[in-house]
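Reading through the structure tokens given below for one structure.
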Amino acid sequence: MARENDEWVRSFQRIIYAYYNEHKRPFRWRETHDPYAILVSEVMLQQTQTSRVRDKYDAFLTAFPTFESLAQAPTADVLELWQGLGYNKRALSLKRTAKVIMERHGSKLPSDESELRALPGIGTYTAAALRVFAFNVPAPVIDTNVRAVYIHFFSDGSTNVRDTDLLPLIRDTFDTDHPREWVYALMDYGVYLKRNMKNPARNSTAYKKQSRFEGSNRQVRGMIVRFLLDGKHSAREVAKGIDIDETMVKKALETLVKDGILTCRDDTYAIVS
DNA sequence: TTCCCGTCCA
DNA sequence: TGGACGGGAA
């Protein structure tokens with residue numbers, strides 16, 4: 001049901017746009033309409049703050065400017081430019097997605113929701129974000145900033161707010177005439193809220209506290225990938241090189257092989273080609 | 001030490 | 001549904 005004419009909707013939109021018109025955040029990925037460049041930004045932004053993506057984005061696009069160049073690039077080169085962003089598996093998924101798009105989508109990013117969802121590393125959020133930012137189509141983008149906005153304005157303070165509770169509100173208030181600008185505006189308003197109060201998105205069921213990073217398998221994985229970007233090594237050499245207990249290193253190596261980030265032959269570990 | 005952030009798989 | 005998955009800033 002279209003509700004754009006309702007007074008409360010226009011009032012809400014006015015608040016969001018008023019802030020956006022004065023304080024919109026400039027990002028390189030907001031200047032482009034190239035679906036590839038937008039895809040790269042969205043994958044980088046998964047679980048990663050804009051400040052870190054900002055510093056890595058241009059170099060990555062310069063090295064891999066197209067689906068084709070990324071699909072054909074050596075994985076080590078891709079991971080090299082990914083360092084500092086975290087969650088290396090995302091870089092592999094992005095490269096696999098580029099390959100699928102070359103082979104099965106005529107080198108064009110699909111705009112269909114289920115086709116996007118079928119791509120490696122593209123989930124509910126990213127599929128919607130791509131539809132909005134790359135194709136300017138209205139789609140319910142729900143990330144932590146959008147949750148913060150809708151919970152702040154429309155929730156009574158209860159905890160465990162589900163995305164399905166927010167969805168009707170998001171649809172009813174969507175500025176279908178300007179999908180891209182609207183979602184940018186929502187996200188910027190969410191950031192503004194979180195700077196000025198306890199994160200309202202904490203009341204979302206989607207909000208999860210991270211397990212400790214220091215001393216974790218995650219931390220060791222990151223160290224190992226960085227170390228192996230300079231060349232292949234045995235488990236023992238890796239342990240010595242990063243100064244971590246060999247038992248722990250072996251466990252992390254196993255998970256990296258299982259994730260398809262490393263290969264192992266004759267106890268020699270290397271970044272996959 | 002705490003905070004922040006989507007996807008995937010069991 | 002809950003845990004694994006990086007890393008930098010406050």
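Predicted model only: the values in this text are computed from it and were never measured. All chains are named by letter (A, B, ...) in the order of the sequence lines, taking the proteins before the strands, and each is independently numbered beginning at 1. Hydrogens, waters and symmetry mates are skipped; everything else that's a heavy atom, side chains included, is used.
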Item checked: Pairs involving residues 256-273 of chain A, ordered by first then second residue, that meet side chain to side chain donor-acceptor pair (under 3.5 Å) (sequence neighbours left out) -> A/Arg221-A/Asp259

Check: Sequence neighbours excluded, which residues qualify as side-chain hydrogen bond (donor to acceptor under 3.5 Å, both in side chains) partners of A/Tyr36?
Finding: none

Checklist line | Length of the line joining A/Ile142:CD1 and B/dG6:C1', which is rounded to integer Å | finding: 13 Å

Next item on the list: Keeping the roles fixed (side chain from A/Arg90, backbone from A/Met44), state whether a donor-acceptor pair exists under 3.5 Å.
Entry: yes

Checklist line | With sequence neighbours excluded, residues passing salt bridge (charged side-chain N to carboxylate O under 4.0 Å, His left out) with A/Lys24 | finding: none

Next item on the list: Using a cut-off of strictly less than 4.0 Å, decide whether A/Thr48 has a side-chain nitrogen or oxygen near OP1 or OP2 of B/dG6.
Entry: no

Notebook entry, point to check: What parts of residues 207-225 of chain A reach DNA chain B, counting only heavy atoms under 4.0 Å away?
Noted result: A/Tyr207, A/Lys209, A/Gln210, A/Arg212

Notebook entry, point to check: Atom NZ of A/Lys258 and atom P of B/dC8: how far apart are they, to the nearest Å?
Noted result: 18 Å

Item checked: Partners meeting ring-ring contact (aromatic ring centres under 6.0 Å, His included) with A/Phe135 (sequence neighbours left out) -> none

Check: Distance under 6.0 Å and angle within 45° of the ring axis: does A/Arg147 meet both against A/Tyr207?
Finding: no

Checklist line | Contacts of type side-chain hydrogen bond (donor to acceptor under 3.5 Å, both in side chains), residue A/Glu22, not counting sequence neighbours | finding: none

Note to self: Using a 4.0 Å cut-off to any heavy atom of chain A, which nucleotides of DNA chain C are the first and last in contact, reading 5' to 3'?
What the structure shows: C/dC5 to C/dG8

Note to self: Going by the rule salt bridge (charged side-chain N to carboxylate O under 4.0 Å, His left out), which residues pair with A/Arg14 if we only count those two or more places apart in sequence or in a different chain?
What the structure shows: A/Glu7

Next item on the list: May I have the distance from A/Gln47 (atom CD) to B/dG6 (atom C1'), rounded to whole angstrom?
Entry: 5 Å

Notebook entry, point to check: With nearest nucleotides of DNA chain B determined for A/Gln49 and A/Leu119 from heavy-atom distances, which residue corresponds to the more 5′ nucleotide?
Noted result: A/Gln49

Notebook entry, point to check: Hey, can you pull the residues of residues 83-105 of chain A with a non-hydrogen atom under 4.0 angstrom from DNA chain B?
Noted result: none

Item checked: Within residues 197-206 of chain A, residues whose heavy atoms come under 4.0 Å of DNA chain B -> A/Asn199, A/Arg202

Checklist line | Contacts of A/Ser111 that satisfy side-chain hydrogen bond (donor to acceptor under 3.5 Å, both in side chains) - sequence neighbours left out | finding: none

Note to self: The criterion is ring-ring contact (aromatic ring centres under 6.0 Å, His included); which residues satisfy it with A/His152, sequence neighbours excluded?
What the structure shows: none

